[in-house]
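Presented below is the structure to which this report refers.
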There are 2 protein chains.
Amino acid sequence: MTLKRVAEIAGVSIATASRVLAGKGGAHRISEATVAAVTQAAEKIGFRHSHLARSLKSGQSALIGVVVPDVSNPFFAAIAREITLAAEAKGYSVLLADSREDDASERRLVQQLRDRHIEGLVVCPAGLKQDHLAAAQDAGLPLVVVDRGFADGDLLTVTSDHAQGARALAQVLLKAGHRHIGVLQGRPGTLVNDERLAAFKAALASDGVRLTAAHIAGDAFSEVSGRRAAATLLRAKPQITALFALSNQIALGALRAAAELGRVVPRDLSLATFDDLPHAEFMNPPLTTACQDVPALGRQAADLLFARLAGVPRPRTRLQRISVTVIERASVTAPSTRKATT
Amino acid sequence: MTLKRVAEIAGVSIATASRVLAGKGGAHRISEATVAAVTQAAEKIGFRHSHLARSLKSGQSALIGVVVPDVSNPFFAAIAREITLAAEAKGYSVLLADSREDDASERRLVQQLRDRHIEGLVVCPAGLKQDHLAAAQDAGLPLVVVDRGFADGDLLTVTSDHAQGARALAQVLLKAGHRHIGVLQGRPGTLVNDERLAAFKAALASDGVRLTAAHIAGDAFSEVSGRRAAATLLRAKPQITALFALSNQIALGALRAAAELGRVVPRDLSLATFDDLPHAEFMNPPLTTACQDVPALGRQAADLLFARLAGVPRPRTRLQRISVTVIERASVTAPSTRKATT
DNA sequence: TATGCATGCGCAAACGTTTGCGCATCTATA
DNA sequence: TATAGATGCGCAAACGTTTGCGCATGCATA
């Protein structure tokens, strides 16, 4: 199953076999007869190039890496899929890694991928550190960050227009008449969290509604954080009539907490969320959400990466924004008049 | 960044550098001083082994392949995740491929992965053909099929106990009093579809309820198929009071179709489904479902694969079953008395 | 009969490792 | 002062490719 074997059978040198199978027979003035012989020999033993040897020789692995915090999260899965499909179309294969939302794992995985000579990397960072990514980029590795970017630094990033979504959601809640609003945040310090939070706060403020620290809880983009944060907030501030969950994992947690506290959504409590996926429509209640265009995030990341691999220079705008669509569903209504009784 | 460079700096031969960095200094009687020199040199230039070269030399790529029909489907994503985590723990990396539910793509992708010298493969087949997989296995590639297996052949397979789940769901529907039941099937001919269908049919039959071809519709495990099938069935047989969807994608389609036909679930129509994921709880209505243990499927597949890679012989039972848990929720109630009016 | 130019193909190095074998040098023994 | 056994390390082949260079052969031209 090696070129050598093919060459032996065809009665030619390895070099000739290589050239023929690379389709360079013409360019190297190899006779029709020889081409046929080599082709047949290859066919006969079912010859396939060793990608390994080829990569070693050529320095091109045709491999890209994808690192996400949790593959089983449909949000990241959808992103991974777009990248995988794009990669396949370009002749690349994808090495997938799951950082388990862990900074140290991510570091290790990125290094591991680099050891495997990936030609490009798409990563959704788990943490707040970007030095390992910056190092990779400085070492010449084409790199695209997706979703969870960094406010500073120089990493090319594709992410949603969080401010736009948060503002729009704020409008929805304000318009419905809510004045006591709680925020279930994700991981503070992340671009995603901070942008959403800041824009939401600003939008409320411009309508005269103040969002103090006492109205904000949560520390991760997870269901457990959402649940705990919602419980905390609802207990500490019963006058809250609406919650803004910064992700739909968090929203799930909020739904659980609300159920546990006997508050029915949306009758006793409105809920708006930044959303990952299109399941919201069939949820109970259907969630009002700022819906991210997840496939577009993945596609854009892939496009940017492959453009760079094709030699296209990096775009000047570091933060590439994908717009979100606010969809109003049943989880937001006017605040219940009996809110004080709770 | 090569061994050669390290050797130069340390003033030793490449061989010595290799042995030191492999931790074989002791076994090869290399002096403390030399070991230190090499180690420092490596550290100094940030040396990392080329996985490529190592693989080529050793014949071990430490790579496994995972092929699924749709990465963005949370079901497959969850499986992919378990395999990825297991692989990482064993020092393997994962090459991920998405066959887009397409047989030909799958073939191509499997071949591509084999060209990359994967040491093992987990695949969830998109189609009804298994010859390419059998070929891979016959060629000595450790292979585990997950979820969608084949009734015949010799491929080691991890899949749910579909018959168990289907039977249990049949009991639930029968107990609720349904006698006119429709089935929204997935892809006929697949083990998953046929086992679920057959067991369901048998369970109904043992209670005197006949399930004819006219009560079965659908041709794929997709939302569109579910929607179309549900619409067809409900229109052709208005007396149907309950639907059994063979996957939750199909169930989503059924919900859509029901909504379009003005039938409210569960008031006018009960719905039970074979489920992929734990979102069902928050759906509207919460779905009664035979819940597969998706992580267990992935874990078991990974365990079997890595056991084989570690030299453990293949288990004798070809079809490894993971049991499912039936969860009764609100989507199944007694048949509406006004069913005839519809 | 020598010279020139196509034509058709092979040699061998290189990619970065690992590893079997062997070769020096030194110390202790006879 | 030879000899043996450690001790410490290097040579070179091999993994499967790709590719620059060059070498034959054949034919037409001078």
Side-chain angles (χ1 to χ4, degrees), chain A residues 1-39 41-42 45-63 91 93 112 114-119 139-140, chain B residues 1-39 41-42 45-63 91 112 114-119 139:
Chain A
M1 275 284 299
T2 70
L3 254 191
K4 192 172 168 187
R5 192 90 197 77
V6 173
E8 282 172 11
I9 298 183
V12 300
S13 73
I14 298 183
T16 299
S18 172
R19 289 194 253 252
V20 168
L21 294 176
K24 297 181 184 166
H28 284 268
R29 308 174 308 208
I30 299 190
S31 70
E32 298 281 327
T34 305
V35 168
V38 171
T39 311
I45 64 170
F47 172 78
R48 306 240 86 217
H49 281 96
S50 162
H51 231 298
L52 235 49
R54 213 206 274 263
S55 299
L56 180 59
K57 184 68 175 83
S58 69
Q60 322 239 248
S61 63
L63 233 37
S93 296
Q112 218 165 86
R114 292 179 64 188
D115 291 348
R116 286 199 184 267
H117 295 243
I118 51 171
E119 293 181 31
Chain B
M1 274 285 299
T2 68
L3 253 191
K4 192 172 169 187
R5 192 89 197 77
V6 173
E8 282 171 10
I9 297 185
V12 299
S13 72
I14 297 183
T16 300
S18 172
R19 289 193 254 251
V20 168
L21 295 176
K24 297 181 184 165
H28 286 266
R29 309 173 307 207
I30 298 190
S31 71
E32 299 281 328
T34 305
V35 168
V38 170
T39 312
I45 65 170
F47 172 79
R48 307 239 84 216
H49 281 96
S50 162
H51 230 297
L52 234 49
R54 211 205 274 264
S55 298
L56 180 60
K57 184 67 174 82
S58 69
Q60 321 239 246
S61 63
L63 234 36
Q112 219 166 86
R114 292 179 64 188
D115 291 348
R116 285 201 185 265
H117 295 240
I118 50 172
E119 293 181 30

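So you know, we letter chains A, B, ... as the sequences are listed, proteins then strands, and number each from 1.
Nearest heavy atom pair, residue B/Leu56 against residue A/Leu52, reads N-CD2, 3.8 Å. Scanning both residues, B/Met1 and B/Gly46, for their nearest heavy atoms gives SD-O, 3.0 Å. The two residues A/Ala62 and A/His51 make their nearest non-hydrogen contact at CB-CE1, 4.2 Å. Contact between A/Ser61 and A/Ser55 at its shortest, heavy atoms only, is CA-OG, 3.5 Å. The minimum heavy-atom distance linking A/Thr34 with A/Thr16 is given by the pair CG2-CG2, 3.8 Å.
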Pairs: protein N or O with nucleotides 19-25 of chain D N or O, under 3.5 Å:
residue, atom, partner, partner atom, Å
D/dT19, OP2, A/Lys24, NZ, 2.8
D/dG20, O6, A/Arg19, NH1, 3.3
D/dG20, O6, A/Arg19, NH2, 3.0

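Separating the CE atom of A/Met1 from the C1' atom of D/dC15 is a distance of 15 Å, rounded to the nearest angstrom. One interatomic measurement links the two molecules: CG of B/Leu52 to P of C/dA14, which rounds to 19 Å at whole-angstrom precision. Remark: P of D/dA14 and NZ of A/Lys4 are 8 Å apart, rounded to the nearest angstrom. Distance, A/Leu21 CG to D/dT18 P: 8 Å, rounded to whole Å. As rounded to whole Å, 15 Å separates atom C1' of C/dA24 from atom CD1 of B/Ile30. Per the geometry, CD belonging to B/Glu8 stands 13 Å off P belonging to D/dG10, to the nearest Å. Put simply, CG on B/Leu3 is 9 Å from C1' on C/dT18, counting in whole angstrom units. Rounded to whole angstrom, the span from the CG atom of B/Leu56 across to the P atom of C/dG16 amounts to 12 Å.
For A/Ser13, counting side-chain heavy atoms from C-beta on, the closest listed nucleotide (C/dC9, C/dT17, C/dG10) is C/dG10.
Applying the 4.0 Å criterion to OP1 and OP2 of D/dC9, one finds that B/Ser31 has a side-chain N or O inside that range. Contact annotation: B/Thr34 side-chain N/O to D/dC9 OP1/OP2 distance is under 4.0 Å. The side chain of B/Arg54 places an N or O atom within less than 4.0 Å of a non-bridging phosphate oxygen (OP1 or OP2) of C/dT18.
Looking at heavy-atom distances under 4.0 Å, B/Ser55 makes no contact with the nucleic acid at all. At a threshold of 4.0 angstrom between heavy atoms, the contacts of A/Arg48 are confined to the sugar-phosphate backbone, with no base atom among them.
Counting heavy atoms of neighbouring residues, nucleotides and ligands inside a 6.0 Å radius, atom CZ of A/Arg114 exceeds 12 of them.
In this structure B/His49 satisfies the ring pair (Phe, Tyr, Trp, His ring centres under 6.0 Å) test together with B/Phe47, sequence neighbours excluded.
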